[in-house]
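Below: one structure, written as C-alpha cells.
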Amino acid sequence: MERKIRVRFAPSPTGPLHIGGVRTALYNYLFVKKFGGDFILRIEDTDQARFVPGAEEYIIESLNWCGIKFDEGIHIGGQYAPYRQSERKEIYRQYADQLIENGSAYYAFDSAEELDAKRKEYESQKQTFQYSSANRSSMNNSLTLKDSEIKQKISNGGLYAIRLKIPENKTIEVNDLIRGKVMVNSSQLDDKVLFKSDGFPTYHLANVVDDFLMKVTHVIRGEEWLPSAPLHVLLYTYLGWENEMPQFAHLPLLLKPDGNGKLSKRDGDRLGFPVFPLTWTDPKTNEISSGYRESGYFPEAVVNMLALLGWNPGTEKELFSMEELIQAFSFDRVGKSGSRFDPEKAKWFNHQYLLKKSNEEIANLFAKILEEKGINSDYSYILKVCNLVKERVNLVSELWAQSSFFFEAPKIFDEKTVKDKWKENSAQFVAEVKEIINNASGFSAALLKESVSEYVRQKQLGMGQVMNALR
RNA sequence: GGCCCGUUCGUCUAGCUGGCCCAGGACACCAGGUUUUCAUCCUGUAAAUCAGGGGUUCGAAUCCCCUACGGGCUACCA
C-alpha cells in the first residue's frame, strides 16, 4: 500500500542554477535517499521565450559536481520519459480538455491588450485586477459567449487560453510538511491560465500533470510556490487525483548577507562571493559570474554549508558527509524563516574540509593552478609546499598567494617592513648565518636553531636583529 | 494595496509536547596563550530583557490575541 517515495527537482532552463536552487535539489536528494526512493530531474521549459542555451547542461554539471545523483531524468532517461516538458507537449492538452468537459475550466479569448487595459483601469482606481469569479462574467470567454460564437472563434484559428474556473468562497487546505496546515479562501485566487495560446501548458498544469504521471510522492520546492499551492491542490481534485496528491514541503528562501531581500546574482558581484556553483558565462552578454568550483571550494564543503542553512541536526555536530546528511535529514528540523547567506561561514566550512584532505589531493589541485601559471615544479616539492601552507588558507585558490615565493623570487618587497627590519649590518648577518647553515652537519629545524642561537650568543646580538633580517 | 508565510546573540541556529533557559553551540568580533613575524591552533570574554504590547498560567522564548517589521506571491514567467 505504501507508495515508493519519489521526488523531483524541476528547474527551468532560464539561466545558471542559483545556490538556492542547489539547496532545494539537495534537500530533495537527502530526503528521498533517506527513504531509498527515486530522484527525478525534470526540465520545465514551457516558456520558450525564456529558454537560455546551455542552462540545462549547467544544471546537470552543477548537481553532478555536488554529488547529487539522479535515478531518472533528461540526461539518463527512465521509465517515465521524456523528462523535458517541451517534449511532452501533447500530453497536457488532454487534461486541459478534461477540465473543460467537467466544467472546471473554460476558454478565454481576451487578448493581451484587453487584459492590459483592464489592469490599467483597475490600477487607476488603486485596485488590482484579478480574473476571477468576481468579473469573469464580464470578460471575453466561453462562459459569456454563445456556443456558436465559441465554436466559430476556435475553428477560425483564433487565439485562446484555457483558464481554471476557481470556485467562489471555498476554503482550500494545503498541508505542508514544514508549515503545517495553510488555509486559503478560494476567492483570493484568480482564474489561472492553464494552457497558453502558444500551445504550451503553464507551470501549474504541466507541474501537476507530470507529478501525477511520474508518481511523485513529495513536492519539495521553494517558498515562492506556497501561494500557488492551493491552486495545485484544486487541480488535483478536479482532475480526480486527490488520492494521489503528493505531500508538499515549501522551503524557506536564502536571503542577502546584508540588507533586505532574497539572495541574488548581484549580491555576489557586490560582496565578492560566488552565488553559483559553477562559473557561468552569459551567452548573450558574455558577462561572467563566478562559481564555487572555480573559486577553489570543495563540493563537500558547499553541500555541508548549504545543508546547514535552513536545516540543523539538533546536535552540535556541524561537519557532515553526504551520507551522514542523508541519515540525519528530516523536514521537522527545517526552519520556517529565511536564512541570510553568510560567505564567511562558507569559507570556514571549506577550511575544515581542506584540513581533512590529504596532501596528495591538495597537491593535485594546486599543480593544476601552477601549470596555468606556467610553473613546472617537481610533484614532491609541491607536496611539501602544500603540507606547509595548507592550514593557512581557506581555499585551494589561495594557496598561490601564500606560497608563490617557493616557486619564484619575490618581485616586490613591503617597503615599510624592509625599512623597519633591514639595518646597515643586516647584510653581514645574513651572509654569516648563511655560512652557518651551509656548514651545518644537517638540515633540521632543531639543529639550525642551535647553530644560529650559538652564533647570536657569540656575537652578543639579539635574536630579533638577526632573524628579522634573515626573513 | 490584497493574500500567504515568518520574527531567539551582528550571522546560522538550539529551544518546538510550558518550569532543567537570568537562553546553549557555531561563524564573525575582541582578549590571552602557542608560533620570535603572519596565518593556523588552543583558551577565554563579550554578545539575544527571546520583535513590541496584551492575555492564559503558580510559572512562557515556548500556548492565544493584537501591533510592528521582514519575506514571498499577486503574468497567456517559472
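- Taking atom CD on A:Glu223 and atom C1' on B:G6, their separation rounds to 7 Å, with Å as the unit.
- Geometrically, A:Arg23 engages A:Tyr27 in a cation-pi contact, judged by NZ or CZ lying under 6.0 Å from the ring centre and within 45° of the ring axis.
- The base-pairing partner of B:C38, taking Watson-Crick or G-U wobble contacts with both distances under 3.5 Å, does not exist among the strands shown.
- If you run side-chain hydrogen bond (donor to acceptor under 3.5 Å, both in side chains) between A:Asp191 and each of A:Gln130, A:Arg136, A:Arg163, only A:Arg136 comes through.
- Nearest to the side-chain atoms of A:Asn260 among the listed nucleotides B:G71, B:A26, B:C5 stands B:G71.
- With a cut-off of 3.5 Å on both Watson-Crick or G-U wobble distances, the partner of B:G70 is given as B:C5.
- Among the nucleotides B:C76, B:C4, B:A78, the one closest to any side-chain atom of A:Arg50 is B:A78.
- On the P atoms, B:U7 is 14 Å away from B:U17, given to the nearest whole Å.
- In this entry the distance linking NE2 of A:His232 with P of B:C73 reads 14 Å, nearest Å.
- Residue-to-nucleotide contacts include no donor-acceptor pair under 3.5 Å from the side chain of A:Thr128 to the base of B:G2.
- Relative to the six-membered ring of A:Phe298, A:Lys357 meets both conditions, a distance below 6.0 Å and an angle of at most 45° to the axis.
- Between A:Lys356 and A:Glu300 there is no salt bridge, since none of the side-chain N atoms of the basic residue sits less than 4.0 Å from a carboxylate O of the acidic one.
- Listed nucleotides B:C4, B:A39, B:C12 differ in distance to A:Ser339; the shortest reach to its side chain belongs to B:C12.
- Nucleotides B:G10 and B:A48, compared at atom P, are 7 Å apart to the nearest Å.
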